[in-house]
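The structure appears right after this line, and notes come after that.
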Amino acid sequence: MEPHGLYDAKLRTGDYHPRIAAYYYKQWNGFQMALHAHKPVEIMYVMSGKCKIETDTETLRLKKGDLILLDAEVRHSLEVEESHPCRMLNVEFTFTEQQGAYPTLKELCAGDGALGELLDSGRPYVVLRDSSEAYTVLKSLVLELGEKQEGDEWMTHLLMSQLLVRIARLVKEAKDEERPYDSYIRNCVKFLHQNYDRPIQVKDVAAEVNLHPSYLQRIFKESMDCTVMDYLTGLRIDKAMMLLTHTDLPVHDIPEYIGISTREYFSAVFKKRVGLAPGAYRKSRELFHHPAR
DNA sequence: CAGTAGTTGTGGATAGATGT
DNA sequence: ACATCTATCCACAACTACTG
């Protein structure tokens with residue numbers, strides 16, 4: 001007997017994959033569908049317009065960019081107003097025993113805490129608001145499905161795995177979102193992680209999240225317990241340590257990889273934070289990795 | 001070996017950014 | 001608004017590696 005739905009205990013003990021049952025784009029121009037349920041788990045992504053989804057317990061209003069993950073056998077209906085046509089992308093999937101060398105759900109859960117949490121949550125459905133991150137993966141998946149050759153399923157397996165992990169992480173993030181300025185801080189941190197290799201000033205970060213620099217400074221410190229520049233420097237030094245340990249880049253080139261423009265300053269900051277000068281740190285790592293030399 | 005070039009680390013002076 | 005901190009520039013010493 002194959003696992004039934006997202007929360008079947010067999011998914012956590014046996015070796016199973018998601019298997020796509022159906023996928024389709026559909027433009028609804030005014031429509032009402034009676035309550036129904038089906039065996040596959042369903043993902044619906046609203047590409048444009050808006051719609052109303054009723055479940056036994058709740059009425060959900062989805063708009064462009066929203067995504068819903070519905071567990072197997074969860075009763076739901078769809079309603080689209082004539083005045084607001086709705087374009088949707090649907091993917092339905094079930095679970096099947098492991099074939100090939102792709103990671104199983106059990107393994108994915110072991111590797112990603114968020115997915116484990118989602119599969120323990122037992123929620124009949126989860127809604128992600130304004131979730132372009134999930135859409136990016138979903139779109140790749142559907143594109144791949146459309147071009148797939150016979151016996152050429154590895155890419156869809158990987159994308160499907162990626163999609164589930166991505167959704168699980170977004171659900172987890174949404175759960176953490178209760179405190180008011182957390183989303184600013186998260187976006188701020190994300191910006192730093194994506195741009196640490198460039199010269200960054202606090203005003204650039206503030207502009208990115210549409211806040212006044214001094215207000216950002218205050219809430220950043222309250223939330224992260226360090227200043228914006230402290231955080232950025234820490235990030236840069238982490239990257240520098242990684243580059244010193246795992247590459248042969250000359251020490252004088254490292255600063256430009258981490259957004260610091262002079263080697264002198266890099267050297268000083270590195271020593272202050274790490275306790276060793278960059279060259280000495282690299283030597284100590286070499287000894288650590290190749291004690292024989 | 002001395003001479004040269006390149007790399008690395010340090011210290012001081014400074015303007016401008018930052019944090020409160 | 002203002003004291004403090006950051007990041008840069010410059011000068012220089014210590015070290016390594018190569019050259020004749």
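Chain letters run A, B, ... following the sequence lines, proteins first, then strands; residues in each count from 1. The basis for the numbers below is simple: all heavy atoms, side chains too, and nothing from hydrogens, waters or symmetry mates.
Note that the CZ atom of Arg282(A) and the CE atom of Met241(A) stand 13.0 Å from one another [nearest 0.5 Å]. Here the straight-line distance linking atom CG of Leu11(A) with atom CD of Glu2(A) works out to 10.5 Å at 0.5 Å rounding.
The shortest distance between the side-chain N/O atoms of Ser267(A) and the OP1/OP2 oxygens of dT8(B) is not below 4.0 Å.
Nearest-nucleotide positions on DNA chain C place Val269(A) closer to the 5' end than the other of Arg263(A) and Val269(A).
Between the NZ atom of Lys283(A) and the C1' atom of dT7(B) there is a distance of 11 Å, rounded to whole Å. Atom P of nucleotide dG9(B) and atom CD1 of Ile254(A) are separated by 11 Å, given to the nearest angstrom. In this structure, the CG atom of Leu249(A) is 16 Å from the C1' atom of dT8(B), given to the nearest Å. For the pair Arg273(A) CZ and dT6(C) C1', the computed distance is 11 Å after rounding to whole Å. In this structure, CG of Asp248(A) is placed 17 Å from C1' of dT8(B), rounded to the nearest angstrom. The distance from atom CD of Glu256(A) to atom P of dT7(B) is 13 Å, rounded to the nearest whole Å. The interatomic distance linking Leu276(A) (CG) with dT10(B) (P) rounds to 10 Å, in whole Å. Ile260(A) has its CD1 atom 16 Å from the C1' atom of dC9(C), to the nearest Å.
We find that Arg166(A) and Asp112(A) are not joined by a salt bridge, their nearest charged nitrogen and carboxylate oxygen being 4.0 Å or further apart.
Under the ring pair (Phe, Tyr, Trp, His ring centres under 6.0 Å) criterion, Tyr45(A) pairs with Tyr135(A), not counting sequence neighbours.
Put simply, the side chain of Glu264(A) and the base of dC9(C) share no donor and acceptor less than 3.5 Å apart.
Grouping Ile, Leu, Val, Met, Phe, Trp and Tyr residues whose side-chain heavy atoms lie under 4.5 Å apart, directly or via other members, places Val127(A) in a hydrophobic cluster with Trp28(A), Phe31(A), Met33(A), Met44(A), Val46(A), Ile53(A), Leu60(A), Leu62(A), Ile68(A), Leu70(A), Val74(A), Leu78(A), Val80(A), Met88(A), Tyr125(A).
By the 6.0 Å contact criterion, CZ on Arg129(A) is enclosed, its count of non-hydrogen atoms from other residues, nucleotides or ligands being greater than 12.
Under the side chain to side chain contact (heavy atoms under 4.5 Å, CB included) rule, Arg236(A) has a single partner from Tyr196(A), Tyr257(A), Tyr231(A), which is Tyr196(A).
Across all strands shown, Ala268(A) has no heavy atoms under 4.0 Å from either base or sugar-phosphate atoms.
Which of dT6(C), dC9(C), dT8(B) sits closest to the side chain of Val251(A) comes down to dT8(B). Here dG9(B) is the nucleotide among dC10(C), dT8(C), dG9(B) with the atom lying nearest to any side-chain atom of Pro278(A).
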Exercise for review: For each nucleotide in nucleotides 15-20 of chain B, reading 5' to 3', give B when a protein heavy atom comes within less than 4.0 Å of its base, S when such contact involves only the sugar-phosphate, and - otherwise.
Suggested key: ---SBS

